[in-house]
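Keep in mind it's a predicted model, so treat the numbers as computed, not measured. Numbers for residues simply follow the sequence, beginning at 1.
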Amino acid sequence: MDASTLVSTPRAESSRVPGAPTIPEHPGFHSHSRGRAPLRRFAFLGACALVALGGCASGGSGGSPASASSQVSPRQMDGVFEPLVAPSALEDPHEGVCTDLSLPFEIIAMHASDQPCELSPSGQTQEASVDEKWSLGGDFRQIPSLPIDDSQVFGSSTHDPNDLYSYKPAILTPQGARDLSADLLREDGNYVEPLDGTQNGPWITFLGRQVSSSSTGDHQEDNVFAPWTVFSWNKDEQRLRTVMTWSDLPAHSPRSAGELPPVSDGTHAFYGAKASTDHGDFSLVVTQGLDDSKRSDKPKILLFGAYPAVYEQGISVVATPKDSPLPSRVVTLSGDDFSAATTHFDLKSQDYRISGLYAAGDHHAVLVTPSRTSSSASSYLGIWNDRTADYPTQWIMLDSRTPWVSIGEEAIVWGAGSQANYAQMYLRPWETGQITRLGETPGYSRPVVAARGHTVMIPRVNSQGGIQWSIGEFTAE
């Protein structure tokens with residue numbers, strides 16, 4: 001179905017950043033911004049999802065995604081959910097890896113690699129080489145989400161930034177904004193706010209959230225029930241589509257802290273949704289075809305889990321094993337119907353959890369953050385190349401409980417999310433592996449790298465205390 005009545009991108013919280021309260025957001029995403037939460041325009045920054053899912057507002061911390069526990073199986077739920085891959089079908093990894101790094105959690109893999117493990121601090125001082133091309137934002141008229149290249153950014157725009165219900169999805173350029181929909185996005189009569197998206201080839205897949213006139217302004221209250229819709233825009237066809245919505249699932253849909261935006265493989269969209277039933281809350285990875293030739297009557301529930309990420313061999317997800325209440329096992333789903341599951345590794349810890357999974361080409365990253373009950377102030381970003389290993393061999397310590405991450409085919413970038421301290425942003429090109437600084441933005445440390453190419457989008461605080469984005473090209477050094 002064409003999305004002829006769709007709506008706006010997340011509004012960037014540009015209030016006065018310094019001193020703004022820290023709002024947990026979801027750990028970012030692939031420009032895959034894998035997630036930037038809707039940012040509201042009252043006196044706080046940040047949101048997530050990442051978003052990310054993230055991924056959730058980028059900067060993912062917040063609550064962990066809940067999932068089916070070992071006490072509640074799909075059959076016990078009267079057939080409400082029938083995932084294609086059952087938790088019992090997942091192989092159990094058995095070999096501890098990276099034990100010499102003294103990480104505060106265990107990584108249990110299927111097979112150890114010959115690749116040595118390394119741990120690096122995030123606080124490098126060398127500045128990244130970025131050639132700025134243009135900038136935007138600062139007045140709430142244009143809210144960027146994802147750089148497409150050095151002259152185009154996916155985001156949202158409005159002619160009246162005082163009207164929070166007036167934003168439409170748009171392509172932002174130095175010459176101005178081009179709306180992707182003639183009308184506001186709507187579902188069930190309610191305005192839908194466009195949020196973060198990801199890109200794969202000509203497809204930009206993004207999340208929308210219904211915003212009704214009954215919203216109280218209290219995000220904790222309003223997010224208890226957060227109807228979502230996944231949209232896609234094909235830049236070759238110049239066509240906007242509604243892909244799937246929360247009402248396609250037999251359950252309510254609360255917001256999931258740390259959620260990441262949807263992703264696509266060019267034929268299907270994938271989303272880590274949260275569903276609430278009388279039996280509890282469940283994290284589900286769902287999919288639907290992008291066009292009519294691939295669409296089914298209802299989205300398929302692939303498995304209990306979160307954070308889908310697309311790479312060359314299939315769909316990487318964080319699955320919920322049968323003996324765990326949370327998604328903790330990284331697996332790949334492959335095959336025409338995504339029913340073949342290959343286990344890669346598990347995270348074992350009482351104090352840490354997986355808060356985001358990212359992939360581009362043959363490069364992968366996993367974000368591990370402290371649990372709500374942990375007193376740790378640090379998170380860990382694990383990186384690997386699937387040509388040499390099936391689990392993270394390069395680890396980076398991050399000075400944030402709620403980091404933001406964005407991945408592309410040429411580099412990965414990250415920041416502290418919405419926290420005010422240690423708000424540096426960093427770039428790591430795949431070609432060199434060298435970590436360099438992108439600057440520092442307290443309260444909005446959320447850089448985004450393009451899915452392809454060397455374009456990076458860096459937030460800055462302008463002279464009025466608002467957020468402005470710089471779009472430029474980085475050089476791998």
Side-chain angles (χ1 to χ4, degrees), residues 27-28 54 59-61 93 95-126 128 307 309 316 318 328-330 344-360 362-371 374-407 411-417 419 421-438 440 445 447 449 476-477:
S61 76
E95 190 163 355
V97 295
C98 296
T99 55
D100 56 326
L101 300 185
S102 299
L103 296 169
F105 46 82
E106 292 182 88
I107 298 296
I108 312 298
M110 293 298 293
H111 307 286
S113 167
D114 293 335
Q115 190 81 2
C117 293
E118 297 178 5
L119 175 62
S120 304
S122 187
Q124 280 72 8
T125 58
Q126 180 180 340
Y307 311 126
S316 183
V318 185
S328 63
R329 183 167 299 175
V330 175
H344 298 299
F345 66 90
D346 230 345
L347 179 132
K348 300 288 188 184
S349 176
Q350 295 296 317
D351 297 321
Y352 283 83
R353 62 184 178 87
I354 294 179
S355 296
L357 188 66
Y358 316 89
D362 50 19
H363 300 287
H364 302 255
V366 63
L367 182 62
V368 180
T369 61
S371 65
S374 172
S375 60
S376 175
S378 298
S379 300
Y380 293 82
L381 181 62
I383 295 170
W384 73 103
N385 186 310
D386 61 43
R387 295 181 181 179
T388 56
D390 282 340
Y391 56 87
T393 55
Q394 307 291 311
W395 289 92
I396 304 166
M397 184 183 294
L398 311 181
D399 296 325
S400 172
R401 290 177 60 94
T402 62
W404 165 275
V405 177
S406 173
I407 194 172
I412 186 168
V413 297
W414 64 90
Q419 76 176 30
N421 299 322
Y422 304 107
Q424 295 86 358
M425 297 170 286
Y426 296 96
L427 164 77
R428 184 185 188 275
W430 302 122
E431 181 182 348
T432 64
Q434 178 73 32
I435 300 173
T436 53
R437 286 184 55 170
L438 291 170
E440 181 176 0
S445 178
V449 66
E477 295 181 346

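Scored by the side chain to side chain donor-acceptor pair (under 3.5 Å) test, Tyr352 finds Ser376 as partners (sequence neighbours excluded). Here Arg329 pairs with Asp92, Asp346 under the side chain to side chain donor-acceptor pair (under 3.5 Å) rule; sequence neighbours left out.
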Given the rule in the side chain to side chain contact (heavy atoms under 4.5 Å, CB included) test, do Tyr358 and Ile383 qualify, once you have shown the distances and angles that lead to the verdict?
CA-CA 9 Å; Tyr358 316 89; Ile383 295 170; over 6 Å; no
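The salt bridge (Lys or Arg N to Asp or Glu O under 4.0 Å) analysis of residues 101-123, with sequence neighbours excluded, yields no pairs.
There is no side-chain donor-acceptor pair under 3.5 Å between Gln115 and Thr393.
Atom CD1 in Ile396 sits 12.5 Å away from atom OH in Tyr380 (nearest 0.5 Å). Taking NE2 of His344 as the start and CG of Asp386 as the end, the distance is 8.0 Å to the nearest 0.5 Å. Rounding to the nearest 0.5 angstrom, the gap separating the OG atom in Ser378 from the CG atom in Asp399 is 5.5 Å.
The number of heavy atoms from other shown groups lying within 6.0 Å of CZ (Phe105) is above 12.
When each of Ile108, Val330, Val318, Ile354 is tested with Leu347 by the rule side chain to side chain contact (heavy atoms under 4.5 Å, CB included), just one qualifies, namely Ile354.
Using a 30° and 60° split on the angle between ring planes, His364 and Trp384 fall in the parallel class, below 30°.
Side chain of Arg437 to main chain of Leu427: no donor-acceptor pair is present (N/O by atom type, distance under 3.5 Å, no hydrogens or angles).
Counting all heavy atoms, side chain and backbone alike, Ile435 lies closest to Pro121 at CD1-O, 4.5 Å.
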